[in-house]
Amino acid sequence: MAYDLLVKNGRIVDGSGMPSFLGDVGVSRGKIAELGRLGGPARRVIDATGMVIAPGFIDNHCHYDAQITWDPLCTFSCYNGATTVIIGNCSLAMAPVRPNDQEKLMGLLSQVEAIPMDILKAGVSWRWQTIPEYMDAVEAKLGINVGMMIGHSAVRLYAMGEASQERAATEGELEVMRGVVREGMEAGALGLSISRNMSHFDVTGKLIPASFAPEEELFGLARVLGEVGTGVIQSGGGTTPELKTRLMSRISEASGRQVIYNVLRESVRAPGGWKKHLEFVEESCRQGARAVPLCSPNSVVSHFNMKNCQIFRQLPNWLSLINVSDAEKLQAYGDPEIRQKLRLDLQAPVTSDSRFVNRWDLVVVAEPYLPRNQGLKGKTIAELAEGQRKDPLDVFLDLAVEEKLNTVFALGHNNMDRDAVAEFLRSPYTVVGLSDGGAHVQYHCEVGYSTRLLGYWVREQRAMSLEQAVRRLTFDSASVYGIYDRGMLRPGLAADIVVFDPQTVRPGNQEVVHDFPNNGWRMRSLAEGIEYTVVNGEVLLERGTYTGATPGCVIRNARYHAVQNGCS
Ligand SMILES: [Zn+2]
């Protein structure tokens, strides 16, 4: 048979979790045509010897809603093997919008997801008001596929104006919201996103509109999905209300739809909390509920030195030294009496908002300054203290003083316990992802979650098989989000394919790049070992270089496909 694209001689990991095998993948008219040993001819052949051929990854939790309007690739998810991104999460979206509310809506995204306002103002040209209009505007030029959630905050602002951040909706306002949600679902949105995160504020310090919705409003909107008979519900900040009152499970039961919420993580601030959470989810799923948390293979690590050590600012004696000169700091950190006070501070009880927890096994010497100390790189303060038979605090401050406060330390509080993270990454009661692509752009870039799962968790830690990891990144997310024509290599499904080197795949370094509108900068993380990213049968990226193709489409829900012939 003649193919448009033939990816040959690779190890096919098809996304189902079944054992991989050597073979070829044939693509015709944007779809997978066949797998196995295939002849040809083909318009284009890719030699994948030594490589894995897998379905393209689904980056399931992103905030590219504004960026996508000037960057049809949604960089940098596709550089890490994603062929689909899902936007509109945590109640935030760019539609619907009334012309007078454009700036207000951008302000929510800017404030909650830490995207500088000047970048958004320079980058977004508003060509839509309704959700269907936004979908069409985005689809006009797309490199990658995008699935959209309807953002409750945007819908609430649209229906209620300023009152959206003041009070419950009236019956009439709720009807407007229900109509908007219905219209979005009929246009093919993947679902509705809500928020129970009570620390998400707008520019003026007010909670975002979705936070003001009483429970009945959430149920009222969720039921629209039940009536339309399609879609999923995503919730920011779902953990606490789920564990306290089963809110996520109850929404799922009331609407008959899948609920996905943020977030299951391991935290040193709540030892063992992750395990109880996971057991809770397992039990409620066994009883028939359909509400599962997202989790990430990443552990967010902050870097600091003792010149700039905000991380200690909750401890009074440490706080008193944060704003003094470097010379005074140097003197103070070497002073035994002051050290004694600093030591006492560390005994403060840990709470859920503690910034520094007295865990020296988590403080790593990331970059020693002096040549003679280079051997300390990568060691924890606890390890060094044991070797030197000294108190960890003395080891830490002695090193900082010796290197004139130039030592760079690394500290992570979340997802640092390897056994815990491995266990929930493997659990069928979690969804792996949560890259937050497009958000917090000047702080970190976490889109390498996929390449980290394959490089760190599979290759280095052997926490799961390659087949299982690929399934986590593809089929599992596709199934949970209702994307039934992707997420596996199967004849008839869309030809979203990633070709990677299992021996080298990993996320690239976090680095600063000046490529945003208005000369804005951001952090990026490219990848190593991602050879090809193929979207709907067309090569989008070839060894990290963009081909110029725009094969992406807006991914529409199952009902849309049943009613009319959508994209793909
Ligand atoms: Zn989010």
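One-based numbering, in listed order, for ligands and for the atoms of each. Atoms considered below: every heavy atom in the structure, side chains included; atoms not considered: hydrogens, waters and symmetry mates.
- With sequence neighbours excluded, no residue forms a salt bridge (charged side-chain N to carboxylate O under 4.0 Å, His left out) with Arg452.
- With salt bridges taken as basic N to acidic carboxylate O contacts below 4.0 Å, none links Lys275 and Glu266.
- The stretch residues 202-213 participates, sequence neighbours left out, in these side chain to side chain donor-acceptor pair (under 3.5 Å) pairs: Lys104-Asp202, Gln165-Asp202, Asp202-Thr204.
- Near-neighbour remark for the Zn ion (ligand 1): protein N, O or S atoms under 2.8 Å are His61 NE2, His63 NE2, Cys90 SG; waters not counted.
- Classification of Arg286 and Glu282 as a salt-bridged pair holds, one side-chain N sitting under 4.0 Å from a carboxylate O.
- Salt bridge status for Arg246 with Glu253: present, with a side-chain N to carboxylate O gap under 4.0 Å.
- Residues forming a salt bridge (charged side-chain N to carboxylate O under 4.0 Å, His left out) with Glu215 (at least two apart in sequence, or on another chain): Arg250.
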